[in-house]
Amino acid sequence: MLKTGWVQGSEKAQGARRAAVIGGGIGGLLAARVLADHFEEVLLIERDHFPEGAEHRPGVAQARHLHLLLKRGLMVVERLFPGIREDLLAAGSHQVDQGADYRILYRYGMAPDKPHDLDILTFTRPLLESTIRRHLAVQPNVRFLEGFQVAGLATGDDHARVTGVRIVPRRHAAGETEEQILQADLVVDSSGRMSAAPQWLEEIGYSAPSETEVDAFWGYGTRLYEVPAGWKADWKIFLSMNRPPYQTRAGIIEPVEGGRWLVTLAGVMHDYPPTDEEGYLAFARSLASQEVYRAISQAKPVSKIIGYRRLSNRLRHYEQLSRLPQGFVLVGDSVCSVNPVYGLGMTLTSLTVEHLETSLLASRGGRDLDPLTFQKAIGKLVMGPFAMTTGEDLRWPATQGGEITLKVKVMHWYLDQVIRLIPDSPEVYLAFQKVNHMLEAPESLFRPATLFRVLKQALTPAKAPKPLAAPAAAPAAVEPRASAVSLRR
Ligand SMILES: Cc1cc2nc3c(=O)[nH]c(=O)nc-3n(C[C@H](O)[C@H](O)[C@H](O)COP(=O)(O)OP(=O)(O)OC[C@H]3O[C@@H](n4cnc5c(N)ncnc54)[C@H](O)[C@@H]3O)c2cc1C
């Protein structure tokens, strides 16, 4: 791996095709693997220096918080990096059966305790990333360029095609620019939620995409604990859900490598978990279930409590642009970043990379890749999950952005009925989890087996869900809703 200093061998070899990936997070690592099958050289450009092992780095501040990889995402990662499951397990990851080991208190009761064939691996995000990095590093044509920040796109005189990226060393003396151009035949932006691609496009004469943002004002508070010796429970992961529209608090505990628990408490509508000892424990005790509190009140904390508040859903509409330069595409959070409470982000990112893989195969290794067609397909791919996460966030009265359309109201009603069925129906629970893990489309919940149960329940008035009363004093932050926020036009 290149560490610091000036980029050696920055010139492309004569006749060789090179791809450049911006960002070495989950999307960038997967994209580099996929590109390695089609390009003589793949440069993975990351502003951070990668740590040797499963340690944190500044570029992915979210990595300190609980990161569940859904089954569909795990399948993509395992396909691209065979043997990674074994490596994660050997490093201390836990395999969890969604039905038998993952206990969830939904708003109408506990999920059934019955094994599924849906398995999950638990790990800290740094362990996942470092394990993927190790697998990627054996690709002979992938080079990691660490400590360099992409500052813009390079083009020819007519700006019709991106010909590379402008990079600067992350640490350089004041006043020195030390900018360098790295040539590439294809540039893939995977620089995450804070991607500067809209500005980069404007700088070379293109329009920035419009954005849709929907924010229910969620906040996380996360801490690691040592699992107490002799600890016994009927769960490996426990999740206590909140209940819209007014019961704002949720919490989850999972085992991770190193004999530790990773605990994330979450609150919506500005009800942020405190980051002081006493407040954190009190928040845990106020959840609908006492289980997370019971566990952590007996355990030794082994980290600080870390807060996080940038959790809105944000979609950049590259698919609506009328033109994009050739040789430049975007994947992952740089296009669509969803509220992580639903655990979709890495899986969605991996699906955008899968689309890159398919597109490379269909375009002679990217030679005929049309960026607009590509982004339209990505827009289509992320639209359903984005509608799902924003739809759920729209249940909270303080949510800003988005619109409660008739379709959203119907989905709210129907999903509420499904969630009500969960405690008494392992079949409905499995169907629901298959959608949750992105193995089935949401429409699968309208198949006769579930639809029939929903209708039967809805027509039985005695079993109608009890509405939650508004709290005597509504959370201070409940402000009137604003309609769709489009930040850029
Ligand atoms: C608090 C929180 C909890 C989450 N929990 C979950 C979860 O449980 N499950 C789940 O699936 N998802 C979760 N997510 C979402 C998940 O983190 C993202 O969806 C995922 O990381 C997106 O991958 P990415 O590669 O697009 O971006 P990232 O993983 O964020 O990577 C972007 C990379 O680009 C680098 N970079 C940025 N700009 C530049 C530049 N100009 N030049 C060079 N490098 C650059 C950054 O340093 C970083 O390494 C969570 C997110 C948050 C905020």
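Both ligands and their constituent atoms are indexed starting at 1 by order of listing.
- Looking at Glu46 next to ligand 1, an N or O pair under 3.5 Å apart turns up.
- On a distance-only criterion, Tyr220 and ligand 1 share no N/O pair closer than 3.5 Å.
- Between Glu78 and Arg85 a salt bridge is recorded (basic side-chain N to carboxylate O distance below 4.0 Å).
- Of all atoms in ligand 1, listed by their number and element, those nearer than 4.0 Å to a heavy atom of Ile26 are 25 (O), 29 (O).
- For the pair Arg17 and Phe39, the cation-pi test (distance below 6.0 Å, angle within 45°) is passed.
- Screening residues 334-359 for ring pair (Phe, Tyr, Trp, His ring centres under 6.0 Å) gives His355-Phe374 as the qualifying pairs, with residues at least two apart or on separate chains.
- Atom-to-atom distance recorded for Tyr272:OH and Arg309:CZ is 5.5 Å, nearest 0.5 angstrom.
- With a heavy-atom cut-off of 4.0 Å, Arg310 does not touch ligand 1 at all.
- Evaluated by nearest non-hydrogen atom to atom 29 (O) of ligand 1, the leading choice among Glu254, Glu129, Arg125 is Arg125.
- A salt bridge does not link Glu319 to Lys376: none of the charged side-chain nitrogens sits closer than 4.0 Å to a carboxylate oxygen.
- Among residues two or more places apart in sequence or in another chain, the ring pair (Phe, Tyr, Trp, His ring centres under 6.0 Å) test is passed with Tyr220 by His65.
- Of the polar atoms of Gln62, at least one N or O is found under 3.5 Å from an N or O of ligand 1, judged by distance alone.
- When only interatomic distances are considered, the shortest N/O to N/O separation between Arg193 and ligand 1 does not fall below 3.5 Å.
- Below 3.5 Å of separation, one finds an N or O of Arg47 facing an N or O of ligand 1.
- Nearest protein heavy-atom contact of atom 6 (C) of ligand 1 is His67 CD2, 3.6 Å.
- Below 3.5 Å of separation, one finds no N or O of Val331 facing any N or O of ligand 1.
- Short contacts between ligand 1 and Phe148, defined as distances under 4.0 Å to a heavy atom of the residue, involve ligand atoms 43 (C).
- Interatomic distance, Glu46 CD to Arg57 CZ, rounded to the nearest 0.5 Å: 4.0 Å.
- The nearest protein atom to atom 12 (N) of ligand 1, hydrogens excluded, is given as Met346 N, 3.3 Å; this is a heavy-atom distance.
- Ligand 1 places these atoms under 4.0 Å from at least one heavy atom of Leu68: 7 (C), 8 (O), 9 (N), 10 (C), 11 (O).
- Considering backbone and side-chain N/O of Pro340, none are found under 3.5 Å from N/O of ligand 1.
- Judged by the 6.0 Å and 45° rule, Arg103 forms no cation-pi pair with Phe238.
- Listed by atom number, the atoms of ligand 1 under 4.0 Å from Gly27 heavy atoms are 23 (O), 24 (P), 25 (O).
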